[in-house]
Amino acid sequence: GIPWAAMIGLCGEAGRVESAKSLFDAMPERDVFPWGALIQAHALDQDLEQARRAFDRMPQHNLQSCTSMITAFAQGRDLEQAQRVFDGMGEHDVVSRTSLIQAYALNGHIDRARTMMLASKGGHDLVLWNTMLAAYALLGHLEEAKILFDRIPHRNIGSWNAILLAYIHKNDLIRAREAFDSMLERNPTSWTMMLAAYALNGDVVRAGELFQSVPHQDEIAWTLMIQANCHKGECKQAVALLRSMDLDGIRPNSITFLVILHGCSHAGMVEEGRDCFLAMSSVYGIAPEHDHYCCIVDLLGRSNRRLLDDAEELVESMPYLPG
RNA sequence: UAGGCCGACAAAAC
């Protein structure tokens with residue numbers, strides 16, 4: 001059948017941590033299992049505590065589980081714990097070293113990370129280089145990113161996406177677009193980054209042109225188009241795009257609504273915002289979260305007396321503390 | 001077939 005690890009990994013990717021946990025509890029022969037998947041699921045869920053707990057529960061550790069844990073600590077900004085897990089390992093390989101290097105790179109020690117990269121045994125490794133590239137991009141170290149990028153012999157799409165991110169981070173959209181156009185292969189990440197660059201700058205025209213070329217427009221691409229329009233104050237158009245999504249068979253997600261509510265709030269479009277908020281749960285089946293309530297309360301607060309009553313009612317009914 | 005790299009809001013970073 002399907003390997004347990006694959007199932008747990010899939011649950012994690014799909015954001016179904018509970019399912020991943022039940023699978024984990026149900027599976028036999030835990031002692032020979034690649035444990036990393038469950039930790040990964042928690043890490044993807046941004047729940048570092050649960051990841052650590054799962055890690056501690058495991059009767060024994062191996063390269064996989066330790067590497068996942070190091071990655072979780074690296075991305076959870078806990079360098080010390082990452083180093084500690086690394087030190088406790090019986091053996092290391094290029095994968096676990098890469099995780100540790102990422103921990104240093106993302107936590108204020110990019111130079112140390114670079115030294116570690118150069119010293120890394122086991123020959124050349126593309127993912128290791130891409131990890132450093134991505135860190136440079138994130139930190140805004142464009143020059144270092146370019147130097148490294150130029151020296152990578154067999155760049156893959158991850159390398160290209162990382163350099164693209166580096167340009168975008170510097171707001172050099174000309175160079176970003178040049179890189180984007182030079183790519184032999186693009187994935188949804190590439191398209192999203194380029195589209196987001198235009199959308200967040202309020203460049204509806206370029207965003208729209210690019211959107212037309214996106215091979216498979218997903219909910220993220222649509223959300224970015226909505227955001228581009230909101231940025232321009234074209235909230236009516238943004239709300240209209242929500243309908244277009246429907247027609248295209250793409251389901252908005254909770255971020256889509258957050259973007260719309262923000263836009264309506266900013267533009268003072270009280271009724272439209274309220275309607276979207278109501279439709280969110282009743283039509284699309286998406287439960288409003290804390291941020292949505294903040295938006296809608298803010299929105300209704302700007303309105304007339306009648307809607308202000310709505311706002312008070314809403315605050316009383318919401319499952320969060322006001323503020 | 002399994003553990004390390006790249007996507008919108010937020011977070012983080014600056």
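Just so it is clear: chains get the letters A, B, ... in the order the sequence lines come, proteins before strands, and each one is counted from 1.
Rounded to whole angstrom, the span from the CD1 atom of A/Ile260 across to the P atom of B/A10 amounts to 16 Å. Protein atom CG of A/Asn253 is 9 Å distant from nucleotide atom C1' of B/C9, rounded to whole Å. The nearest whole Å value for the distance from the CZ atom in A/Arg97 to the P atom in B/C5 is 16 Å. Rounded to whole Å, atom C1' of B/C6 lies 12 Å from atom CD of A/Glu185. Atoms NE2 (A/His169) and C1' (B/G7) sit 13 Å apart, rounded to a whole Å. Between A/Leu261 atom CG and B/A10 atom P there is a gap of 14 Å when expressed in whole angstrom units. Separating the CG atom of A/Asp298 from the P atom of B/C9 is a distance of 20 Å, rounded to the nearest angstrom. Atoms CG (A/Leu138) and P (B/C5) sit 13 Å apart, rounded to a whole Å.
Within a heavy-atom distance below 4.0 Å of RNA chain B, the residues of residues 220-239 of chain A found are A/Ile220, A/Thr223, A/Leu224, A/Gln227. Of the residues in residues 74-87 of chain A, those with a non-hydrogen atom less than 4.0 angstrom from any atom of RNA chain B are A/Gln75, A/Arg77. In the region residues 145-157 of chain A, proximity to RNA chain B at under 4.0 angstrom, judged on heavy atoms, holds for none of the residues.
A/Leu200 is listed as a side-chain neighbour of A/Gln227, based on a closest heavy-atom distance under 4.5 Å. Between A/Met117 and A/Trp129 the shortest side-chain heavy-atom distance falls below 4.5 Å. In this structure, the side chains of A/Asp45 and A/Gln50 stay at 4.5 Å or more apart for every pair of heavy atoms. Using a 4.5 Å heavy-atom threshold, the side chains of A/Ile286 and A/Ser281 count as separate. Using a 4.5 Å heavy-atom cutoff, the side chains of A/Phe180 and A/Arg186 are in contact. A heavy-atom distance below 4.5 Å is not found between the side chains of A/Pro188 and A/His216.
Checked against the 6.0 Å centroid criterion, the rings of A/Phe149 and A/Trp160 qualify as a close aromatic pair.
In the set B/A8, B/G3, B/G7, the nucleotide with an atom closest to the side chain of A/Met193 is B/G7. When distances are taken from the side chain of A/Ile255 to each of B/C9, B/C5, B/G3, the shortest belongs to B/C9. Distances were taken from every side-chain heavy atom of A/Asn161 (C-beta onward) to each of B/G3, B/C6, B/G7; the shortest belongs to B/C6. In this structure, of B/G4, B/G3, B/C9, it is B/C9 that holds the atom nearest to the side chain of A/Leu258. For A/Gln46, taking side-chain heavy atoms from C-beta onward, the closest of the listed nucleotides B/G3, B/C6, B/A10 is B/A10. Side-chain proximity of A/Gln64 to B/G7, B/A2, B/C5: nearest is B/A2.
Atom CG of A/Leu247 has more than 12 neighbouring heavy atoms from other residues, nucleotides or ligands inside a 6.0 Å radius. Around atom CG of A/Leu118, more than 12 heavy atoms belonging to other residues, nucleotides or ligands sit under 6.0 Å away. Other residues, nucleotides and ligands place more than 12 heavy atoms under 6.0 Å from the NE2 atom of A/His92. At most 12 non-hydrogen atoms from other residues, nucleotides or ligands lie less than 6.0 angstrom from CZ of A/Arg175. Heavy atoms of other residues, nucleotides or ligands lying less than 6.0 angstrom from CZ of A/Arg77 number more than 12.
RNA chain B is contacted by both A/Ser96 and A/Thr192; A/Ser96 maps to the nucleotide lying nearer its 5′ end (nearest heavy atom per residue). Across the interface with RNA chain B, nearest-nucleotide mapping of A/Ser68 and A/His262 shows A/Ser68 to be the residue nearer the 5′ end.
Looking at A/Asn130, its side chain has no donor and acceptor atom pair within 3.5 Å of the base of B/G4. Under 3.5 Å, the side chain of A/Thr67 and the base of B/G3 form at least one donor-acceptor pair of N or O atoms.
Residue-level contact check: A/Asp93 touches the bases, meaning some heavy atom is under 4.0 Å from a base atom. Across all strands, A/Ala162 comes closer than 4.0 Å to no nucleic acid atom at all (heavy-atom distances). Residue A/Val259 is out of contact with every strand shown, counting any heavy-atom pair closer than 4.0 Å. Looking at heavy-atom distances under 4.0 Å, A/Thr189 makes contact with a base. Heavy atoms of A/Asn107 sit nowhere under 4.0 angstrom from any nucleic acid atom. A/Leu200 comes within contact range of the sugar-phosphate backbone alone, with a heavy-atom separation under 4.0 Å but no base atom that close.
Look at the C1' atom in both B/G7 and B/G3: the space between them is 22 Å, to the nearest Å. For B/C5 and B/C9, the C1' atoms lie 23 Å apart once the distance is rounded to whole Å. B/A8 and B/A12 have their C1' atoms separated by 16 Å, given to the nearest Å.
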Item to complete: Could you walk me through whether A/Asn161 and A/Thr189 pass the side-chain hydrogen bond (donor to acceptor under 3.5 Å, both in side chains) test, one step at a time?
Response: CA-CA 7 Å; A/Asn161 282 342; A/Thr189 299; 4.8 Å; no
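From A/His266, atom NE2 reaches atom SG of A/Cys235 across 8.5 Å, with rounding to the nearest 0.5 Å.
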